[in-house]
Amino acid sequence: MYVVTFYSYRGGVGRTLSLLNTAVELAKRGRKILVVDFDLEAPGISTFHFCKSGNLSKGIVDYIAEYKETGRAPNVTEFVQECELIDGGHQLKFWLMSAGRQDEHYARKFHSIDWERLYADHAGFLMIENLKEQWNDSLTPDYVFIDSRTGHTDISGICTRQLPDAVVFTFLPNLQNLSGLSHVVKETREEVQTDRKKVIRTYFVASNVPTADDESGILRENLEKFRAALNYDHDNLTLVFHYDSLALLGQEIFTLTKPNTKLAKEYVSLANSILRGNPADRDGALAYILDVIEKVRTDRRKYADDAGLTDMMENIAKHHPRDGEVHFKLADLYVALRSFPEATSQYELAKANGYETAELLLTLSFLYSEQKRREEATALLLKLTEAPSADLDVHIAILQLIRIDITKVPDALNSNGVRKLGALERLKLANILLRKRELLPNAMQFFVEAGASNSLEEGARDSARYKITLCKIASGDFADALRDLGDRQRVLNSDDVGDVFNFAMAEWGATQVPPLDMLNRVLELSPKRLAPDANFAQCLAVATHLVGDSSAASDWLTRARELASRQSQQSIEFSCWSYLNTTIAEFIEELGQVQRFINGDRVVPAFMDATIRRSERVPRLTAGQGY
């Protein structure tokens with residue numbers, strides 16, 4: 001049960017209309033609503049059409065009168081009526097506890113209530129607490145909306161401090177309202193400093209705002225004064241503009257009868273704000289979390305040490321202990337706040353409560369990995385690859401496994417999830433495997449399958465067959481790579497600069513002697529390549545140095561760095577130094593090795609390192625010979 005009081009310092013500002021439209025909107029969303037008319041001096045809710053017997057039913061004044069007479073709290077169900085509220089043929093769950101029976105005895109009963117004496121001599125505080133408990137136990141409403149009396153009164157104190165979880169302060173945005181409202185807002189917020197330490201959420205509604213152009217900035221200036229004096233965020237303010245409609249004289253509830261009007265939408269906005277402030281409301285809690293995540297991503301430091309946010313998150317978790325999705329979203333918020341231990345705990349609760357999505361498994365594996373919980377991270381990733389989830393999830397899982405425990409990747413590649421991938425997705429996965437030398441046999445297997453797949457377009461099959469040659473060079477299988485590339489003279493005379501360069505690298509690896517004719521052919525063909533990418537500039541840096549032009553090689557290396565630095569850190573670039581797909585950071589690091597090579601240091605390309613070559617060195621062939 002979430003108790004919301006609607007208060008205004010002065011009357012005539014649309015407080016009751018705001019309350020009823022908001023209450024009805026939440027009733028339409030399936031919430032059980034109890035409305036309590038605590039404006040005992042000028043009650044009005046029972047006059048609305050859906051409260052047909054409101055004037056005749058007993059209410060707050062009668063309840064207190066019976067309490068004073070008997071010394072015992074009456075049964076609250078005798079003072080509550082169910083209202084006839086229909087939406088699209090469905091009756092909404094809506095109850096009213098009126099101010100009291102509007103008969104000749106009402107005024108006497110009302111004026112006989114001495115609130116100060118009631119609290120001092122007749123345990124009035126406990127009576128109100130008992131009343132609140134009875135609402136919860138007997139009616140089990142989701143929301144209680146209280147219409148409070150205006151001004152500074154004992155009743156307003158009960159409504160704005162003792163009873164509510166939240167208070168909606170409704171006002172016309174003029175300075176007369178501001179001076180009176182400031183004191184009540186201050187007292188409401190100070191309730192947290194009392195023995196009860198009660199936190200009361202506050203909302204603000206500038207109501208009946210003129211719709212005329214604010215050419216002089218009066219509205220903007222006044223709203224800023226209210227914001228500064230009452231200390232609220234813009235998110236906690238709802239504007240309800242003046243609305244010209246005779247339907248208002250008929251006391252229509254616009255969120256029920258005219259939901260598409262501007263006025264109804266303003267009340268819906270207020271309802272959404274209240275919903276988000278209630279940690280027990282599942283929809284509201286999820287909406288609140290999503291809103292805060294966006295704010296945190298914009299300015300994390302503003303929320304990093306926000307005690308109110310921490311309390312709200314803990315309350316949401318407490319109210320939804322077995323709701324996996326709520327725990328999952330809370331975990332996302334903790335991640336945004338960079339509170340990773342708390343995020344891990346919430347993800348684990350989400351998983352334990354059945355919310356075991358691919359996104360959760362992936363994120364939790366990252367957190368486990370960062371916390372050195374390698375075995376748990378690996379287990380989650382292997383589980384993910386077994387599930388028939390989205391292809392992207394499998395790819396990310398493999399990438400994560402490569403980072404955490406590369407020895408487990410072959411197991412993952414034999415999983416159900418990978419086996420169910422289509423030919424194109426397996427080709428994408430092969431490109432991921434091409435990032436690590438240990439996984440080259442697996443990558444080659446996938447490329448071979450793709451190259452022979454009839455379900456792929458010819459261009460994709462050609463790309464796969466081309467990548468097989470790259471795998472062989474990266475593995476040190478230079479003789480096989482040369483056989484794949486074909487007759488040496490044919491390659492030397494071709495215009496395919498990629499084939500010529502790859503042939504030169506494979507032959508260099510096989511013979512340990514740079515083939516100058518092939519390298520010069522690369523340089524002859526290179527002007528035909530416009531706006532080279534970082535990989536191509538790297539290739540030209542290596543080729544020009546090998547033919548003896550170290551100055552040009554340094555220029556191409558500078559160009560490669562420039563092109564690489566323009567890419568995002570998530571980009572992948574093929575490197576001719578290792579013959580692997582690399583991250584941009586790895587690519588730039590390998591450019592440093594190329595620079596050392598150009599400078600004359602005794603370094604060789606990574607793909608030629610003796611520790612990674614499995615083929616025997618073969619004699620260099622002369623022009624015209626084939627492999």
Side-chain angles (χ1 to χ4, degrees), residues 431 434-435 437 463 466-467 469-474 476 478 481-482 485 488 491-609 612 620:
N431 281 297
L434 186 53
R435 295 176 61 173
R437 209 169 304 281
S463 174
Y466 177 78
K467 296 291 179 64
T469 302
L470 300 186
C471 285
K472 290 179 179 180
I473 296 174
F478 303 126
L482 291 169
L485 290 165
R488 189 180 195 283
V491 174
L492 184 62
N493 294 331
S494 77
D495 293 329
D496 190 326
V497 68
D499 278 356
V500 177
F501 183 82
N502 289 329
F503 199 104
M505 294 299 101
E507 187 169 289
W508 181 23
T511 65
Q512 299 294 289
V513 179
L516 299 183
D517 54 349
M518 284 286 179
L519 293 167
N520 279 309
R521 180 60 177 160
V522 168
L523 299 179
E524 288 175 15
L525 295 171
S526 61
K528 299 180 181 179
R529 176 88 170 241
L530 299 177
D533 55 29
N535 163 249
F536 192 70
Q538 180 198 40
C539 293
L540 292 178
V542 172
T544 50
H545 174 67
L546 288 173
V547 299
D549 192 348
S550 296
S551 175
S554 293
D555 291 342
W556 279 116
L557 199 62
T558 299
R559 177 63 173 161
R561 285 197 185 95
E562 291 174 353
L563 292 169
S565 65
R566 295 175 189 174
Q567 300 184 53
S568 72
Q569 292 301 305
Q570 288 72 42
S571 298
I572 298 298
E573 186 69 71
F574 185 77
S575 171
C576 72
W577 190 256
S578 61
Y579 262 74
L580 297 174
N581 286 330
T582 61
T583 64
I584 292 301
E586 291 168 340
F587 184 81
I588 291 175
E589 183 179 346
E590 293 194 4
L591 291 182
Q593 294 294 312
V594 178
Q595 184 67 68
R596 289 182 58 200
F597 180 61
I598 293 172
N599 291 343
D601 291 355
R602 296 180 63 84
V603 293
V604 295
F607 74 87
M608 290 175 58
D609 191 290
I612 57 90
R620 184 181 180 188

If you measure only the distance, is there a donor-acceptor pair under 3.5 Å linking the side chains of E590 and S578? yes

Pairing residues for T582 by the side chain to side chain donor-acceptor pair (under 3.5 Å) criterion, not counting sequence neighbours: none

Show the nearest heavy-atom pair for residues L482 and A510, with the distance to one decimal. CD1-CB, 4.4 Å

Going by ring pair (Phe, Tyr, Trp, His ring centres under 6.0 Å), name the residues that satisfy it together with W556, two or more places apart in sequence or in a different chain. none

Partner set under side chain to side chain donor-acceptor pair (under 3.5 Å) for S571, not counting sequence neighbours: S568

When rounded to the nearest 0.5 angstrom, what is the spacing between CG in L591 and CH2 in W577? 10.0 Å

Going by side-chain contact (heavy atoms from CB on, under 4.5 Å), name the residues that satisfy it together with R435, two or more places apart in sequence or in a different chain. L399, I572, N581, T583

Shortest non-hydrogen pair, D517 vs R488, comes out as OD2-NH1, 2.8 Å

By side chain to side chain donor-acceptor pair (under 3.5 Å) - contacts of E589 (at least two apart): none

With K467, which residues qualify under salt bridge (charged side-chain N to carboxylate O under 4.0 Å, His left out), at least two apart? none

Within this structure, what is the CE-CZ distance for the pair M518 and F503, rounded to the nearest 0.5 Å? 4.5 Å

Mind checking the SG-CZ spacing from C471 to R437? Nearest 0.5 Å is all I need. 10.5 Å

With sequence neighbours excluded, tell me which residues meet side-chain contact (heavy atoms from CB on, under 4.5 Å) with S565. none

Find the distance between CD (E573) and CD (Q538) and round it off to the nearest 0.5 Å. 8.0 Å

Nearest atoms (heavy-atom pairs only) where L540 meets V522: CD2-CG1, 4.1 Å

Of all heavy-atom pairs between C576 and F501, which one has the smallest distance, and what is that distance? CB-CE2, 3.8 Å

Taking only residues two or more places apart in sequence, or in another chain, which ones meet Q595 in a side-chain contact (heavy atoms from CB on, under 4.5 Å)? S554, L557, R561, I598, N599

Test side-chain contact (heavy atoms from CB on, under 4.5 Å) on L519 and M505 and set out the steps. CA-CA 9 Å; L519 293 167; M505 294 299 101; 3.9 Å; yes

Note: A474 and L580 closest approach over all heavy atoms is CB-CD2, 4.1 Å

All heavy atoms of L485 vs all of V491, minimum pair found to be O-CG2, 3.5 Å

Distance, nearest 0.5 Å, that separates CG of N502 from SG of C539: 7.5 Å

All side-chain contact (heavy atoms from CB on, under 4.5 Å) counterparts of Q569, not counting sequence neighbours: I584, A585

Quick one: do F536 and L563 satisfy side-chain contact (heavy atoms from CB on, under 4.5 Å)? Show the steps, please. CA-CA 10 Å; F536 192 70; L563 292 169; over 6 Å; no

Return the set of residues passing salt bridge (charged side-chain N to carboxylate O under 4.0 Å, His left out) with E562 (not counting sequence neighbours), or none when no residue passes. R559

Are the side chain of D601 and the backbone N or O of V603 linked by a donor-acceptor pair below 3.5 Å? no

Using the side-chain contact (heavy atoms from CB on, under 4.5 Å) rule, take W508 and L546 through it: C-alpha gap first, then chi angles, then the decisive distance, then the call. CA-CA 10 Å; W508 181 23; L546 288 173; 3.6 Å; yes

Results of side chain to side chain donor-acceptor pair (under 3.5 Å) for T469 - residues two or more places apart only: none

For F574, which residues count as a ring pair (Phe, Tyr, Trp, His ring centres under 6.0 Å) partner, sequence neighbours excluded? Y579

Run the salt-bridge test on D495 and R521 with the 4.0 Å N-O cut-off and return the result as yes or no. yes

